[in-house]
Amino acid sequence: KANIQLKASNLRIENLDTAGDPLSLLQPILNDPVALNSTASFGIASEPLRISVRMLIALLGDDDMQLRNEVDISLDLNSATVILATLLRVSEESFLTFPLRDVFNLNCWLATIETPTLDSRGVRIAGSEPSAALTNLAVAIARVGLNITCVTCTSPEIEDLAVLLSSPEGIDDATEAANMVLNYVTTLLGGEFLQVKIDRMLNDAAQKCPHSESYYENPVEAKYAPFESPDGKDDSIAFLVTIAIVMVCLALASVILTSVIKRIVNRRNQAWLKTLPRSEILSLHREQAEEAKQNARTQSMFTSTEIPVYTRYLVPVVLVVNIGFFLSGHLSLGASVNIEAQFAGEAFTVSNFFDFSMARSTVDIWNAGGKELAILILIFSGIWPYMKQLITL
């Protein structure tokens, strides 16, 4: 086991004054009265927009695992462009009668926007148009420089890593990775999660604005019904109940199938005997009587003196040992995953990161929703091997 420490401190943003062309804020769009477009560029002068932070990365375990690196990481953004398109349905009367005393109150500005109709979960009713929305968000960076300065480091190759990241190839890779991450983040921000937050803020804004008719000095925070989520309870008891039900069903099916087959065979045998002459029927009776006498005279393989003693006793022992092997394989540890990694020239190992066995994996599959697969594994890998050994025994 190991103790992992991640700490960020001393976050700084520098050179915000490098904003420049193209720069436009809340620019209206032709033929679309409720849409506004904003564009801003940073790091277009000689100094890039710089974001820096001090990071502590530590992995502390036994004597062989004492990794601790405290570094200053700075991100230089050259020609970073942000394009933001928004939809705002502002009430004309509320905007024109807006008092100057509340000009710095964000809730009052939000109260000028039409309030959406929400359901019990705080989600806008289906079919209704949004009154405020983020319709488009795009961020692009022309060049990203990543710099790392070691403060206190145990890894010997931190400096080599810093040189590698500062190389032209490292800058190109960092720029590509940064744009990929930004595209993913902007996609998430344009989804339903952010829209629900915006709708709830608009719904609560009027109660927090002093000049609004709906203002409350001590507003009550709106409570919404929770979203439905899968039941996360432990299904171990249900899994055991299912095992019992499956075993009972298999036993009943075997009894019913055996009874049906015997009945069908008996009826066919009776019908066949009616077609035979009396002499052949008597001959069959004599053969059956002779077989019964022979069965009475013979012994089972375990008690038969014709079979060597070591064979008679060795076979049951082998079958019992085989059942023990099955139990050991099903209940004991099947495999263990160890992590062996190297960070900046410093190697470390995390033993027993993940352990699994057949029984545990089957329960995990059941809890994850794969009930059909868990039942198949139970029948053909858990029940059938023991039934086969017991039948042979």
Side-chain angles (χ1 to χ4, degrees), residues 235-337 352 355-366 370-393:
D235 289 336
S236 300
I237 297 178
F239 182 66
L240 295 176
V241 172
T242 303
I243 292 177
I245 293 174
V246 170
M247 295 180 66
V248 171
C249 290
L250 288 175
L252 291 176
S254 301
V255 173
I256 294 173
L257 184 61
T258 303
S259 301
V260 171
I261 292 175
K262 285 184 176 181
R263 186 175 181 82
I264 293 174
V265 171
N266 187 47
R267 292 183 61 181
R268 290 183 177 180
N269 185 60
Q270 294 296 329
W272 175 66
L273 289 176
K274 293 179 180 179
T275 61
L276 297 178
R278 183 175 179 80
S279 58
E280 291 189 13
I281 294 176
L282 294 175
S283 176
L284 289 175
H285 281 302
R286 286 193 295 270
E287 291 179 3
Q288 292 176 353
E290 184 63 29
E291 290 177 358
K293 293 179 181 180
Q294 187 174 359
N295 290 334
R297 291 194 300 267
T298 56
Q299 297 174 326
S300 65
M301 295 178 64
F302 184 75
T303 59
S304 176
T305 57
E306 302 296 329
I307 300 176
V309 176
Y310 69 88
T311 302
R312 285 184 284 154
Y313 286 96
L314 182 61
V315 170
V317 172
V318 170
L319 293 177
V320 172
V321 171
N322 202 19
I323 292 175
F325 285 150
F326 277 119
L327 287 172
S328 174
H330 290 163
L331 301 178
S332 62
L333 180 66
S336 179
V337 178
N352 301 326
D355 300 331
F356 60 90
S357 63
M358 179 181 170
R360 177 178 173 182
S361 299
T362 305
V363 174
D364 290 342
I365 292 173
W366 176 275
K371 294 180 172 57
E372 296 83 0
L373 179 59
I375 291 174
L376 289 176
I377 294 176
L378 170 67
I379 294 174
F380 294 104
S381 296
I383 298 176
W384 171 243
Y386 299 101
M387 290 183 61
K388 182 172 61 175
Q389 298 300 315
L390 293 175
I391 291 172
T392 305
L393 185 60

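Residues: numbered from 1 along the sequence shown.
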What I'd like to find out is whether the side chain of K371 reaches to under 4.5 Å of the side chain of I365, using heavy atoms alone.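 K371 vs I365: side chains apart.
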
Heavy-atom check, side chain of C249 versus side chain of I245, under 4.5 Å: yes

Passes side chain to side chain contact (heavy atoms under 4.5 Å, CB included), L373 versus W366? Steps please. CA-CA 8 Å; L373 179 59; W366 176 275; over 6 Å; no

Please answer whether the main-chain N or O of G324 pairs with a side-chain N or O of S328 as donor and acceptor at a distance below 3.5 Å. no

Might you point out which heavy atoms bring L333 and A335 nearest each other, and give the distance in Å? CD1-O, 3.4 Å

Those residues that, when tested against [X], pass side-chain contact (heavy atoms from CB on, under 4.5 Å) (two or more places apart):
| X | answer |
| --- | --- |
| V309 | R312, Y313 |
| V321 | V317, F325 |
| T311 | I307, P308, V315 |

Would you mind writing out the side-chain donor-acceptor pairs for residues 378-393 within the sub-3.5 Å range, not counting sequence neighbours?
residue: Y386; atom: OH; partner: F326; partner atom: O; Å: 3.3
residue: Y386; atom: OH; partner: L327; partner atom: N; Å: 3.2
residue: Y386; atom: OH; partner: H330; partner atom: ND1; Å: 2.9
residue: Q389; atom: OE1; partner: N322; partner atom: ND2; Å: 3.1
residue: T392; atom: OG1; partner: K388; partner atom: O; Å: 2.8

Under 3.5 Å, sequence neighbours excluded: what are the donor-acceptor pairs made by side chains of residues 260-284?
residue: T275; atom: OG1; partner: W272; partner atom: O; Å: 2.5

Hey, what do you get for CG (L257) to CG (L252), rounding to the nearest 0.5 Å?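 Taking CG in L257 and CG in L252, the distance rounds to 12.5 Å.
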
